[in-house]
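Heavy atoms only: backbone and side chains are in, while hydrogens, waters and symmetry mates are out.
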Amino acid sequence: MKEIWHNVFRDERGLYTKSLDPGTKVYNEHLTRYKGFELRSWNPRRSKLAAGIMKGLKTFPFAAKSKVLYLGAAQGTTPSHVSDIVDKGFEVCVDISQKTMESLIPLSERRENMLPVLADASHPEQYAEYCDGIDIVYQDVAQPNQAAILLKNAELMDKGYLILAIKARSVDVTKNPSEVIKGEIAILKKEVDVVETLRLEPFEKDHALVVCRK
Ligand SMILES: C[S@@+](CC[C@H](N)C(=O)[O-])C[C@H]1O[C@@H](n2cnc3c(N)ncnc32)[C@H](O)[C@@H]1O
């Protein structure tokens with residue numbers, strides 16, 4: 001077992017994060033004891049960020065005190081691992097679906113660094129008041145204009161990292177996924193520096209993870 005980034009561990013079986021809420025499962029992850037603390041397995045087939053790490057992601061900006069805006073938090077699978085990692089920072093978790101709040105609210109009650117927000121990521125003004133000092137925006141929303149939404153949210157921070165999980169089929173199901181991904185990256189490049197791009201196969205078909213710097 002090796003700690004590859006703050007609170008992120010890896011062994012020959014896979015990835016783990018150090019749990020901020022020992023004894024509690026968020027989905028069907030495995031809990032393991034290691035050196036007196038608890039690790040939660042982090043499944044690359046359930047999390048595009050974990051898939052990116054398994055595919056060799058080099059730029060990993062998340063640290064103990066990071067302040068993260070997470071767009072498309074859903075039921076909190078990946079957000080819970082981000083919460084483990086940024087243990088002394090905070091994570092604003094936005095989702096447009098009322099249904100997801102039924103999971104996100106109780107999850108956030110157990111984790112002091114998570115704030116659930118029911119809002120539309122296309123309208124950052126709906127949650128800007130919670131975003132003072134954010135230095136990472138992570139976006140995973142199934143929408144046609146994914147790059148444009150990320151750039152709108154980039155306006156909430158002075159400088160920092162932006163990570164976009166692109167689902168090509170949500171942008172345009174009729175086009176070649178590689179062309180769609182190229183098109184979204186071209187939109188990003190007009191306003192931010194694109195520092196790394198990874199395809200997520202075999203974990204996620206027709207998806208890419210793009211890391212940008214503002
Ligand atoms: C693929 S799921 C996210 C999975 C999650 N990131 C994870 O890894 O655990 C996409 C989520 O985006 C949300 N979503 C779609 N459009 C949105 C929007 N305009 N603003 C905020 N959330 C949105 C959906 O409700 C859904 O929960």
Side-chain angles (χ1 to χ4, degrees), residues 1-11 14-27 29-43 46-50 52-53 57-95 100-101 103-117 119 121 124 127-140 150 153-154 156-165 195-196 209 211-214:
M1 186 75 73
K2 190 177 166 205
E3 186 169 14
I4 54 172
W5 285 297
H6 177 68
N7 286 353
V8 181
F9 292 77
R10 188 168 184 170
D11 69 6
L15 290 175
Y16 309 81
T17 56
K18 181 178 170 185
S19 181
L20 200 60
D21 183 17
T24 308
K25 287 188 182 190
V26 176
Y27 49 111
E29 75 273 32
H30 297 290
L31 306 179
T32 329
R33 298 299 299 176
Y34 175 72
K35 289 193 175 169
F37 51 84
E38 188 174 277
L39 298 179
R40 301 170 54 227
S41 63
W42 193 7
N43 185 344
R46 298 284 304 266
S47 168
K48 288 153 208 154
L49 186 55
I53 296 171
L57 183 70
K58 291 189 188 67
T59 320
F60 192 79
F62 301 93
K65 293 185 179 169
S66 296
K67 299 183 173 92
V68 182
L69 171 60
Y70 193 116
L71 304 169
Q75 282 78 16
T77 302
T78 304
S80 68
H81 289 289
V82 171
S83 155
D84 284 345
I85 299 165
V86 304
D87 51 351
K88 297 182 179 67
F90 69 78
E91 182 184 19
V92 178
C93 297
V94 173
D95 203 285
T100 64
M101 294 295 135
S103 307
L104 267 186
I105 291 171
L107 180 64
S108 305
E109 282 168 355
R110 300 189 62 88
R111 291 170 169 266
E112 276 186 8
N113 64 357
M114 281 179 90
L115 177 73
V117 182
Y127 44 85
E129 61 185 299
Y130 308 117
C131 295
D132 269 359
I134 54 157
D135 48 23
I136 300 173
V137 180
Y138 181 91
Q139 181 182 310
D140 179 16
L150 186 72
N153 283 276
L156 294 172
M157 70 182 185
D158 296 331
K159 60 180 179 139
Y161 285 90
L162 303 140
I163 304 178
L164 177 60
V195 294
E196 198 175 343
L209 197 71
V211 184
C212 312
R213 196 162 188 176
K214 181 180 172 187

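Considering all non-hydrogen atoms of both residues, Lys48 and Leu209 come closest at O-CD2, 4.1 Å.
Leu69 is not listed as a side-chain neighbour of Tyr138, based on a closest heavy-atom distance of 4.5 Å or more. Put simply, the side chain of Arg40 reaches to within 4.5 Å of the side chain of Tyr27, judged on heavy atoms. Annotation: side chain of Arg10 is not in contact with side chain of Met1 (no heavy-atom distance under 4.5 Å). By the 4.5 Å heavy-atom criterion applied to side chains, Val68 and Val92 are not counted as neighbours. Contact of the Pro61 side chain with the Ile163 side chain is registered, since non-hydrogen atoms from C-beta on lie closer than 4.5 Å. With contacts defined as side-chain heavy-atom distances shorter than 4.5 Å, the pair Ile134/Leu156 qualifies. Counting heavy atoms from C-beta on, the side chains of Met114 and Pro79 come closer than 4.5 Å. Between Thr78 and Asp140 there is no side-chain heavy-atom pair separated by less than 4.5 Å.
Annotation: Lys25, atom NZ; neighbour count of heavy atoms from other residues, nucleotides and ligands within 6.0 Å is above 12. Under a cut-off of 6.0 angstrom, the local environment of CD in Glu3 is crowded, with over 12 non-hydrogen atoms contributed by other residues, nucleotides or ligands.
Between the side chain of Lys58 and the backbone N or O of Glu196, no donor-acceptor pair lies under 3.5 Å. A distance-only check finds a donor-acceptor pair linking the side chain of Ser108 to the backbone of Leu104 [under 3.5 Å]. Proximity of a side-chain donor or acceptor of Asp21 to a complementary backbone N or O of Arg111 within less than 3.5 Å is not detected. Remark: side-chain polar atoms of Gln139 are paired, donor with acceptor, to backbone N or O of Leu150 under 3.5 angstrom. Checked by atom type and distance alone, the side chain of Ser41 pairs as donor or acceptor with a backbone atom of His30 at under 3.5 Å.
Relative ring orientation between His81 and Trp42 is described as parallel, the plane-to-plane angle staying below 30° on a 0-90° scale split at 30° and 60°.
The closest side-chain donor-acceptor pair between Asn153 and Tyr127 falls under 3.5 angstrom. Side-chain atoms of Asp11 and Tyr16 include a donor-acceptor pair closer than 3.5 Å. The closest side-chain donor-acceptor pair between Thr59 and Arg213, if any, does not fall under 3.5 angstrom. Residues Asn113 and Ser83 have side chains that bring a donor and an acceptor to within less than 3.5 angstrom of each other.
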Show, in sequence, the C-alpha distance, side-chain angles and deciding distance for Leu15 and Ile4, and conclude whether the side chain to side chain contact (heavy atoms under 4.5 Å, CB included) test is met.
CA-CA 10 Å; Leu15 290 175; Ile4 54 172; 4.0 Å; yes
Start with the C-alpha distance between Lys67 and Asp132, add both sets of side-chain angles, then the distance that settles salt bridge (charged side-chain N to carboxylate O under 4.0 Å, His left out), and finish with yes or no.
CA-CA 9 Å; Lys67 299 183 173 92; Asp132 269 359; over 6 Å; no
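Taking the ring centroids of Phe60 and Trp5, they lie under the 6.0 Å cut-off. Aromatic rings from Phe90 and Tyr70 are positioned such that their centres are separated by 6.0 Å or more.
Here Lys18 does not pair with Asp84 in a salt bridge; the nearest charged N to carboxylate O distance is not below 4.0 Å.
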